[in-house]
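Below is one structure; the comments refer to it alone.
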Protein chains: 2
Amino acid sequence: MSTKNNRDGMSRRDFLRITATAGVGLAIGATGMAAMENTIAPEAPAGAGNEPQEERIPMYGEHQAGIITPQQRYMYLASFRITAEDRAGLTSLLRSWTKFCDLSTAGGTMKTGSNPLLPPDDTGETLDLPASGLTVTFGFGPTLFSADGKDRFGIAGKMPRFLKDIPRMPKDNLDPLLSGGDICIQVCAEDQQVAFHAVRNFIRLATGSATVNWMQEGFISGGSSGQTPRNLFGFKDGTANGLHQTEQGYKDVIWAGDDEPAWMKGGTYMAYRKVRMLLEIWDRASLSDQEDTFGRYKESGASYGRKGEFDEADPSKMPATAHVRLAKEAGRLIHRRGYSYSDGIDPRTGNVNAGLLFISFQKNPEEQLVPMLKLMQSKDALNEYTSHVASGLFACPGGLREGQYIGQSLLES
Amino acid sequence: MSTKNNRDGMSRRDFLRITATAGVGLAIGATGMAAMENTIAPEAPAGAGNEPQEERIPMYGEHQAGIITPQQRYMYLASFRITAEDRAGLTSLLRSWTKFCDLSTAGGTMKTGSNPLLPPDDTGETLDLPASGLTVTFGFGPTLFSADGKDRFGIAGKMPRFLKDIPRMPKDNLDPLLSGGDICIQVCAEDQQVAFHAVRNFIRLATGSATVNWMQEGFISGGSSGQTPRNLFGFKDGTANGLHQTEQGYKDVIWAGDDEPAWMKGGTYMAYRKVRMLLEIWDRASLSDQEDTFGRYKESGASYGRKGEFDEADPSKMPATAHVRLAKEAGRLIHRRGYSYSDGIDPRTGNVNAGLLFISFQKNPEEQLVPMLKLMQSKDALNEYTSHVASGLFACPGGLREGQYIGQSLLES
């Protein structure tokens with residue numbers, strides 16, 4: 001009882017043929033795109049190709065996609081606990097995930113099944129949809145290397161230098177069920193259904209090898225038109241990324257140093273903090289309280305005493321507890337790639353359950369991120385309106401060449 | 001400590017000026033758009049204007065927007081309990097909501113505040129964003145008219161004919177905290193941040209007059225390119241809408257009859273069912289089991305024995321328990337406008353918490369919807385893979401003229 005036409009779905013070969021026909025314009029690599037980005041000012045439109053839905057962002061290159069890629073509008077983060085008992089099992093999972101990545105970031109789907117008596121290879125909800133700028137970024141948590149003193153996969157000796165949980169902060173209110181994990185996958189796309197399809201199939205392909213710990217979805221708007229997106233407090237968020245968006249800047253801020261294990265070359269650390277925003281309290285604060293809290297004007301995004309969003313901040317013009325002042329005083333840059341979230345109504349309080357998925361990439365979280373978090377948790381005026389409810393730190397390996405699988409340089413070197 | 005430039009945000013007058021400059025093309029009314037839709041086949045692109053982000057869908061007309069409006073990609077549903085004690089309090093809330101609707105559907109925002117000592121009138125997260133096809137649809141629940149035998153607002157005599165909770169079905173697993181409500185607001189937009197901004201401000205403006213019971217977000221993809229969106233089982237969902245998309249069809253299927261109270265003229269009933277989909281079980285079913293469950297081919301969307309998605313279904317070709325066969329046997333049409341949802345991981349089972357927000361509009365839920373639900377809950381093969389977890393029925397009043405407020409015809413006639 002199956003139609004025959006188009007039953008095979010789109011194969012990788014179909015995709016290569018289509019790409020060749022459509023020309024190079026559709027398939028600018030993440031690296032190539034970043035190089036282009038580096039030459040334009042942060043104000044300029046990022047996804048200027050105008051057809052973001054059709055856009056394919058290849059997964060191969062010096063770095064993984066989804067790190068310096070201009071932010072897509074939707075994101076899922078999923079964290080997994082590996083249940084495979086040995087390196088062969090882990091390798092098999094990573095190969096299978098990589099194969100799915102290759103196909104889905106190219107806008108293809110797996111066969112829905114030539115044998116009607118078997119489950120389809122693909123869940124099918126993106127059969128009619130283009131790649132939509134899909135990217136997938138893998139990060140490895142500390143417990144992948146060593147858990148309960150056990151070196152499960154024989155890789156404890158290749159632990160990256162700075163990979164450990166972000167230290168507990170005095171005001172943390174973390175839910176362990178929503179934090180950490182052996183492997184974290186960040187999926188981003190311009191279309192939520194495309195992003196959901198990817199994360200759901202990563203979960204499906206993990207059956208027998210890994211279980212999902214938690215999954216979190218997020219959204220932003222404005223990024224693809226080159227504007228700095230606004231967070232749910234109504235303030236621009238990520239303005240300071242403009243300070244390092246050059247090749248040298250990325251090297252200084254994001255990419256792992258030469259003193260890391262070889263498999264981290266071209267890699268970085270991804271930090272995650274789920275920050276609940278107390279919207280009802282914020283919305284009752286006066287405009288000047290809100291602006292004093294950030295040290296920025298709400299509408300323009302300019303910091304106090306400045307006119308333009310990207311004018312250099314002058315901490316002396318801001319209250320001592322202003323968020324931007326403290327970030328500036330911490331003195332180190334990070335690469336922000338955050339999303340907003342809304343999780344319905346909190347049944348305990350009747351308040352909106354929403355906030356910020358803080359995601360940052362940095363070469364050295366101990367120097368760049370942890371001191372900033374500590375300073376902010378002790379002094380930041382924002383603490384009155386926020387609560388950190390989940391946390392994670394993951395080491396993202398460098399990029400792949402076609403034919404390799406994610407983590408191969410860690411598992412086979 | 002405030003910038004002066006652009007401090008006033010965009011006023012309604014600014015918007016009217018911009019609209020006049022930009023020309024009529026940007027501002028096709030919901031009714032006008034529906035009229036256009038009626039003349040084209042369901043396969044043709046719906047949002048063919050190509051710049052859906054800029055699109056403004058005016059809220060005024062014979063019917064509320066968001067009912068026969070081509071489906072936008074994001075939706076929030078929010079349900080409220082009115083705490084205002086009298087008709088004056090309720091009227092004041094509805095006036096305030098209407099004013100915000102008028103501004104936000106036009107792509108404007110309220111002033112962020114000329115007095116820095118007061119909270120901003122607008123939360124600000126859409127300051128840089130266009131209208132993005134925003135629509136707002138209000139529905140009134142049975143308890144607004146009469147709760148615990150009390151006629152709180154003096155409108156019990158104007159109860160619509162079919163407004164009562166959907167009867168309990170044998171397989172229901174409803175959470176009362178996520179069901180029903182005095183007033184339900186459906187917000188739809190092409191941009192999730194624009195939709196979130198609207199629902200959040202409805203909640204904010206309700207302070208002191210209403211509390212929010214529950215809020216649910218949903219997404220689809222494919223609708224705006226004229227394709228029938230696929231649900232999370234990978235099947236096309238909403239194909240049968242093609243059977244009534246003419247002016248007469250809308251009249252027969254959606255718009256309230258002449259025997260309803262006057263304020264329901266041009267109105268309809270909105271039904272809501274939150275249907276959890278057991279994705280992990282579904283994904284293990286064979287392709288032929290999946291296709292037998294719906295009575296449709298997965299890829300093409302054609303019903304069994306047919307070739308094209310829109311070819312008339314022949315129940316005799318399908319298994320007796322097929323979803324499409326039972327819908328056909330129920331014999332009545334409804335107007336589907338569903339969305340998918342994903343709510344993270346269910347902590348009890350470790351499974352993905354996702355599914356379908358079934359939303360339908362119909363003139364007579366007792367004849368069109370309830371028998372179909374009953375037939376399906378007793379026989380539908382889909383029951384093996386789904387669970388109904390929330391429910392609601394709301395009466396949507398007819399459309400507004402500029403200067404009126406939503407519900408005015410109910411409260412003042």
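Bear in mind that the values here come from a model prediction, so they are computed numbers and not experimental data. Proteins get letters first, then strands, A, B, ... in listed order; numbering begins at 1 in each.
Proximity to chain A is absent for every atom of Ala78(B), based on heavy atoms less than 4.5 angstrom apart. With a 4.5 Å cut-off on non-hydrogen atoms, Thr211(B) does not touch chain A at all. For a residue to count as touching a neighbouring chain, one of its non-hydrogen atoms must lie under 4.5 Å from one of that chain's; by this rule Asn231(B) touches chain A with the backbone only.
Between Asp122(A) and Lys298(B), the shortest heavy-atom distance links the atoms O-NZ, 4.1 Å. Listed here is the closest heavy atom pair of Glu125(A) and Leu232(B): OE1-O, 4.3 Å. For Ser286(B) against Pro120(A), the heavy-atom pair with the smallest separation is C-CD, 4.3 Å. Shortest non-hydrogen contact noted between Asp283(B) and Pro119(A) is O-CB, 3.4 Å.
Between the CD1 atom in Ile220(A) and the CG atom in Asp191(B) there is a gap of 9.5 Å [rounded to 0.5 Å]. Here the straight-line distance linking atom CG of Asp128(B) with atom OG1 of Thr228(A) works out to 8.5 Å at 0.5 Å rounding. The CG atom of Leu287(B) lies 9.0 Å from the CG atom of Asn115(A); values are rounded to the nearest 0.5 Å. One finds the CZ atom of Arg73(B) at 7.0 Å from the OH atom of Tyr74(A) (value rounded to the nearest 0.5 Å).
Among the candidates Arg230(A), Gln290(A), Arg284(A), the residue making the largest number of heavy-atom pairs closer than 4.5 Å to chain B is Arg230(A). In terms of heavy-atom pairs under 4.5 Å with chain A, the best-connected choice from Pro347(B), Gly305(B), Ala285(B), Ala354(B) is Ala285(B). Of the listed residues Gln216(B), Gln193(B), Met215(B), the one with more heavy-atom pairs under 4.5 angstrom with chain A than any other is Gln193(B).
Near-neighbour residues of residues 197-209 of chain B relative to chain A, defined by a heavy atom under 4.5 Å from a heavy atom of that chain, comprise Arg200(B), Ile203(B), Arg204(B).
Residues satisfying the side-chain hydrogen bond (donor to acceptor under 3.5 Å, both in side chains) criterion with Ser342(B), sequence neighbours excluded, are Tyr76(A), Glu217(A). Residues passing the ring-ring contact (aromatic ring centres under 6.0 Å, His included) test with Phe80(B), sequence neighbours excluded: Trp97(B). The salt bridge (charged side-chain N to carboxylate O under 4.0 Å, His left out) search around Asp175(A) returns none, not counting sequence neighbours.
Ring centroids of Phe219(B) and Phe219(A) are separated by 6.0 Å or more, keeping the two rings apart.
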